[in-house]
Structure formats: C-alpha cells, structure tokens
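Here the structure is laid out as structure tokens; the discussion comes afterwards.
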Amino acid sequence: VTTTATLTRQRKVEIDTRIAELQHELWRTEYPLANAAESIHLAAEDKKVTAEPDEWGRKPAPKWAKTLAECIALITPAAESASPDEYSRERYALAKYAEIVAQRNKLTDEMHALDEVWREHRWSRFYYVQNQNGHIHEDMYCSTCYATTEYQWLTDLSDQTEAEAVASFGEVLCSVCYPSAPTEWTDGEPHAKKAARDEAAKRKAERTAKKLEKALLPDGSDTVLTATVYGRHWDGSVRQFVEGEYVVTKKITTLAQARTWLREISDARATGSDWTFEREAWSPENEAWVVAAIAAKIDSTPEAVLTEAMDKAAKKAKKDGY
Ligand SMILES: [Zn+2]
C-alpha cells in the first residue's frame with residue numbers, strides 16, 4: 001500500500017488511466033483463460049452433459065461433468081510423470097492455464113494497489129454513458145442506469161470539480177449523482193458531440209457551396225429540356241429518320257452541361273445537321289432558355305453568349321471542311 005501525504009492531480013489521472021488499462025488487459029485474458037480451462041477438461045477426458053429441460057421446457061446449456069479442480073487433480077500425475085523431452089498434453093494444458101492465471105494475478109495485484117491509493121485519497125471520478133441522452137455519473141451504480149449500461153470512464157477528468165468537469169466535457173452531469181448541480185450543468189450535450197455536429201454542418205455547407213458554384217441555376221436545381229420531334233425528310237429525299245412524333249428530353253444541371261449542349265447545337269446549326277437537333281431536345285424555346293441561363297450565370301448577355309457559340313461553331317465547321 002502506497003501512502004502519500006499529497007498527490008498531484010496529474011498523478012491521480014495517471015493512476016485512474018492505469019487502472020482503466022489494467023481492466024482492459026484483464027478483460028482480454030478472459031477468453032484465453034476459458035480456452036485453457038477447456039483444454040484441461042478435454043485432457044481429463046471430461047464430457048459435457050445436458051441437464052433435463054426445466055418445467056417450462058427450457059434446455060440449459062451443456063456443462064462439464066467434473067469441476068476444473070477435479071480435472072486438474074486428475075491430469076497432474078500424468079503431467080508430472082511425462083518425460084521432459086516429449087510432448088505431454090496434460091503438462092501443456094496445465095502450464096498454459098497456470099501462465100494465464102499468473103498473468104491475471106499480476107494485473108489484479110497492480111490494480112488493487114492502485115485502488116488502495118484511491119480509497120485513501122478518494123478523488124472524484126466521472127463516468128459517461130454513451131447513449132441518445134448520455135450523462136456523466138459519479139460511479140457505475142447510478143439508479144438511473146440499467147445493469148447492462150456501458151460506462152465510459154473519463155479518466156482525464158479525475159479529481160476535477162463538477163464545474164471543471166462541465167467545462168472540460170460538457171453540461172451533462174446526472175442530476176441524481178450530482179443533486180446540487182444547477183440545471184444548466186445537466187441539460188446540455190458533450191462538447192465533442194456539438195463540435196462533431198458543427199463540423200458536419202460546415203462540411204455540408206461547403207459541399208452545397210461547391211455544388212452551387214458549378215450549378216447552372218442559382219438554387220442548384222435540375223432542368224429537363226423537352227422537345228417534340230416530328231418526322232422529317234432529309235434533304236428532300238424520302239428517307240425518314242423519325243416516324244411520327246416523339247418527345248426527347250435532356251437534363252441539364254451544371255453550367256458545363258449547358259455550355260456543352262449549346263456548343264453541340266451550334267455545331268449542328270453551323271453544319272446544317274437537323275438530326276443533331278432532334279437528339280438534343282432542341283427547340284427555339286429551349287435554346288433561348290439555356291442561352292439566358294448561361295448569360296445570367298456568367299454575368300453576360302444572351303446575345304453575347306449565342307454569338308460567341310455560333311462564331312466558334314462556324315470556325316470549327318470551316319476548319320473541318322463543311
Ligand atoms: Zn447518475
């Protein structure tokens with residue numbers, strides 16, 4: 001038992017942090033311990049038996065017929081008499097089990113020594129329950145929680161006052177554990193939760209701004225251009241590209257899409273290709289609408305936008321030999 005007249009807060013935090021680590025390490029030995037015990041039962045040729053169903057017909061889980069101590073006693077002579085040069089299932093099972101028990105004893109000894117220091121000095125400890133409306137509790141036996149509640153030990157907060165804990169973590173003290181805490185210390189939320197929400201909102205706003213920057217319309221909405229195309233003859237010949245009439249649609253969301261659409265339309269007009277008009281939902285109304293939208297977006301005039309598009313298309317057509 002360590003007896004110290006005064007302990008710094010830093011030392012108290014270190015002690016609690018170490019105890020939490022030891023608890024975790026102990027928990028990690030539970031599965032290997034159960035495995036090692038099972039090996040001993042098997043080495044002792046123990047069998048699992050299933051008890052009769054109870055009066056409600058529920059079948060209990062199968063259990064080993066012998067106790068672990070009985071099995072250890074049973075296999076010890078074989079383990080001791082085995083030749084040191086040869087593999088002995090009994091010796092191996094006992095050694096493995098003893099090794100894990102020794103490891104656990106070492107962990108619990110250190111933990112009890114540190115617990116002893118706390119019992120002597122009794123500094124404050126804070127436990128957070130992570131759920132929808134999580135609170136900080138004084139210990140892990142709060143009446144507002146269930147037996148299955150998982151507590152997160154906030155060892156960094158050890159030795160703090162209620163006010164300090166609120167300042168460090170958030171206004172989420174449990175009003176049962178801390179009856180003197182004012183309401184504004186109990187009805188808030190963890191700082192980390194608020195920070196995460198603010199961060200998410202910030203990222204969403206950034207994404208929206210980026211989307212609007214590229215969007216054709218100020219509110220970022222999609223536009224669907226539709227046009228009805230009628231069957232028409234090509235160069236006065238009898239060949240028909242379309243029979244009857246049908247509706248073609250084109251979704252335009254971004255400025256880039258609008259510019260591509262206008263460029264294709266201008267190219268088609270410069271080369272006199274009607275067929276392209278039909279595919280791209282062209283109509284005088286649609287063209288005027290897209291041109292006006294681009295002009296508004298880039299702070300120009302519809303006339304300038306259309307003239308530029310047609311000039312480019314004419315140059316391209318000339319270059320391509322139309
Ligand atoms: Zn509580």
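Both ligands and their constituent atoms are indexed starting at 1 by order of listing. Computed from a predicted structure; not experimentally measured. Just so you know, these numbers use all the heavy atoms, side chains as well, and skip hydrogens, waters and symmetry mates.
For the Zn ion (ligand 1), the nearby protein N/O/S atoms, meaning those under 2.8 Å, are His137 ND1, Cys142 SG, Cys174 SG, Cys177 SG.
Side-chain contact check for Leu216 versus Gln257: every heavy-atom pair is 4.5 Å or farther apart. The closest side-chain heavy-atom distance from Val166 to Glu162 is not below 4.5 Å.
Minimum interatomic distance between Ile100 and Pro32 (heavy atoms only, all atoms of both residues): CD1-O, 3.5 Å.
Within 6.0 Å of CD on Glu199 lie more than 12 heavy atoms contributed by other residues, nucleotides or ligands.
Checked against the 6.0 Å centroid threshold, Phe126 and Phe169 do not count as a close aromatic pair.
Listed by first and then second residue, the ring-ring contact (aromatic ring centres under 6.0 Å, His included) pairs involving residues 52-85 are His41-Trp64 (not counting sequence neighbours).
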